[in-house]
A.B. asks: 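I have a structure I would like to understand better, so I am pasting it below and will then ask my questions one at a time.
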Amino acid sequence: MRTQVCIIGGGPSGLLLSQLLHRKGIDTVVLERKTRDYVLSRIRAGILEVGFVDLMRAAGVSERMDRESFAHDGTVIACNDEQFRISFREHTGTDVVVYGQTELTRDLYDAREAADGKVIFNVENVVINEVETDAPYVTFDVHGKQERIDCDFVAGCDGFHGVSRQTIPLSVRREYEKVYPFGWLGILSETPPVHEELIYSCSDRGFALCSMRNANLSRYYIQCSLSDSPDDWSDENFWEELKRRIPSAAAESLVTGPSIEKSIAPLRSFVTEPMRWGRLFLCGDAAHIVPPTGAKGLNTAASDIHYLYHGLLQFYEEKDSEGIDRYSEKALARIWKAERFSWSTTNLLHRYPDMSEFDLKMQLADIAFLRDNEAAQKVFAQNYVGLPY
Ligand code: RFL
Ligand code: PHB
């Protein structure tokens, strides 16, 4: 088999790249380890930057998103029983968009299918070869048979646990990591959201987040111990704990119900450099992870895809390799800023097990500064809606 760009991973990064390139007549094959249903069962991101929305439009897959998503022009930050609002619109002129990762991934799969795009599911033993030459190829097993794809480029969009990053030799690869001493326990419930905007809440019992997918689908998170398992938390215990961590007015109006999904995500900051090795390019979670506090994970994946897509277009349409040659540098410059925002927002709002009395006072002062200072709110809003590409 031959294609122009072989894409490893059929998550949002890989599918978006495939669909964008298809619209410009560039052929791709997507290799996905799981099934479509499995990928669509993962409940993840909920907040999209405008840059992501624009890419979905460029990919011709925004019809349902434009109809069903809704804009948020601000967010609530709470600390114990006090709360304040940061307006995105006032400080940046921009909103963020509420549309679940599950839905946009479904839209991308539907578009690939409608265009007869090649997505091969259930692949195993993917090996990326010869990316330091002009003739890379990828081998893999599917239905017990080995296959080979020859290509011009390989896009490693296979998430944090994929093979693409590991293909870059350790002598070339440099990794930066911080693992946080807590996780997020999240639930999805078919209940109306407690508030029309997100509430990020810092409390003496730990962090909580009230988010949503639509008018009758809510997503809530609480900071939990890394040793917890979702089975340790009955729905009732979850709701009780959430109520203790959000302002009392919100707790009183919270509508509870059975969870339809419950999972724990560990929190990690991670960046690998460089994001290109020869003809292999890393995109999204394959190259970097942020703690979810700033809602940046999927949005940093989108900026990678933007840089790679334009670099590949420049290569194929203008025979100019400047865009792909500068891919790693451009992508990393934006990623490190998103890493900084996600790390600092995590520090601002979470309780660390080893915090001293002094550390607690510093955290409260940080939150009070954000509450009282217009310039600090503007900086928060600029980061939250997304820095320019
Ligand atoms: P994905 O989604 O992990 O997809 C990678 C795909 O590659 C496949 N794969 C392989 N395929 C072939 N061969 C192999 N060897 C393979 N190994 C793996 C996998 O099966 C998978 O289908 O990475 P991608 O596409 O880069 O997308 C990244 C996003 O999924 C991620 O950054 C976000 O979900 C992060 N995130 C959030 N991001 C936001 O921008 N806003 C948010 O509000 C937000 N909330 C979140 C989040 C992530 C969370 N969790 C669970 C980590 C909330 C949570 C709780
Ligand atoms: C979500 O709705 O899943 C969500 C929203 C905002 C975040 C993280 C997750 O910061």
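Here the structure is a predicted model, which is why all the values come from computation and not from measurement. As the structure lists them, so they are numbered: ligands from 1, and atoms in each ligand from 1.
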A.B. asks: Using a 4.0 Å cut-off on heavy atoms, what residues surround ligand 2? Order them by chain and number.
C.D. replies: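 Contacts of ligand 2 under 4.0 Å: Arg44, Gly46, Ile47, Trp184, Leu198, Tyr200, Leu209, Ser211, Arg213, Arg219, Tyr221, Pro292, Thr293, Ala295.
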A.B. asks: Any side-chain to backbone donor/acceptor pair from Asp304 onto Gly284? Under 3.5 Å, distance only.
C.D. replies: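 Flag set: sc Asp304 to bb Gly284 pair under 3.5 Å.
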A.B. asks: Which atoms of ligand 1 are found less than 4.0 Å from any heavy atom of Gly284?
C.D. replies: 26 (O)
A.B. asks: If you count the atoms of ligand 1 from 1 in the order shown, which ones are under 4.0 Å from a heavy atom of Val126?
C.D. replies: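 Numbered from 1, ligand 1 contributes 13 (N).
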A.B. asks: Show the numbers, then the answer: is there a side-chain contact (heavy atoms from CB on, under 4.5 Å) between Arg85 and Thr75?
C.D. replies: CA-CA 6 Å; Arg85 178 173 186 272; Thr75 192; over 6 Å; no
A.B. asks: May I ask you to decide whether Arg36 forms a salt bridge with Asp110, counting only side-chain N to carboxylate O separations under 4.0 Å?
C.D. replies: yes
A.B. asks: I'd like to know whether ligand 1 has Tyr38 as a neighbour, heavy-atom separation below 4.0 Å.
C.D. replies: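 Outside the 4.0 Å threshold, so no.
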A.B. asks: Non-hydrogen atoms of Arg42 versus ligand 1: any pair closer than 4.0 Å?
C.D. replies: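 Contact check Arg42 vs ligand 1: positive.
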A.B. asks: Look at Arg279 together with Asp152 and state whether they make a salt bridge at an N to O cut-off of under 4.0 Å.
C.D. replies: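 No.
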A.B. asks: Please say whether the positively charged group of Arg276, taken as NZ for Lys or CZ for Arg, lies over the ring of Phe281, i.e. under 6.0 angstrom from the six-membered ring centre and within 45 degrees of the axis.
C.D. replies: no
A.B. asks: Could you pull out all residues at least two apart from Glu82 that satisfy side chain to side chain donor-acceptor pair (under 3.5 Å)?
C.D. replies: Arg371
A.B. asks: Mind checking side chain to side chain donor-acceptor pair (under 3.5 Å) for Thr133 and listing every partner two or more places apart, or none if nothing turns up?
C.D. replies: none
A.B. asks: Going by distance only, is there an N or O of Arg219 that falls short of 3.5 Å from an N or O of ligand 1?
C.D. replies: no
A.B. asks: Output the list of atoms in ligand 1 that are nearer than 4.0 Å to some heavy atom of Gln101, sorted by atom number.
C.D. replies: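 Every atom of ligand 1 under 4.0 Å from some heavy atom of Gln101: 2 (O), 29 (C), 30 (O), 33 (C), 34 (O).
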A.B. asks: Any sub-3.5 Å donor-acceptor pair from Gln382's side-chain atoms to Leu387's backbone N or O?
C.D. replies: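 No: the side chain of Gln382 does not pair with the backbone of Leu387.
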A.B. asks: Going by heavy-atom distance to atom 41 (N) of ligand 1, choose the closest among Gly162, Gly186, Ala295.
C.D. replies: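 Minimum heavy-atom distance to atom 41 (N) of ligand 1 goes to Ala295.
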A.B. asks: Does the Thr3 side chain pair with the main chain of Asp27, one donor and one acceptor, at a distance under 3.5 Å?
C.D. replies: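 Indeed, once roles are kept as given, a pair shorter than 3.5 Å links the two residues.
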A.B. asks: I'd like to check which ligand 1 atoms, numbered from 1 as shown, lie under 4.0 Å from a non-hydrogen atom of Ile8.
C.D. replies: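 Counting atoms of ligand 1 from 1, those under 4.0 Å from Ile8 are 12 (C), 13 (N).
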A.B. asks: For Val76, what are the other residues in its hydrophobic cluster, where any two members join if their side-chain heavy atoms are less than 4.5 angstrom apart?
C.D. replies: Leu185, Ile187, Val194, Ile199, Tyr220, Ile222, Trp233, Phe238, Trp239, Leu242, Ile246, Leu254, Ile264
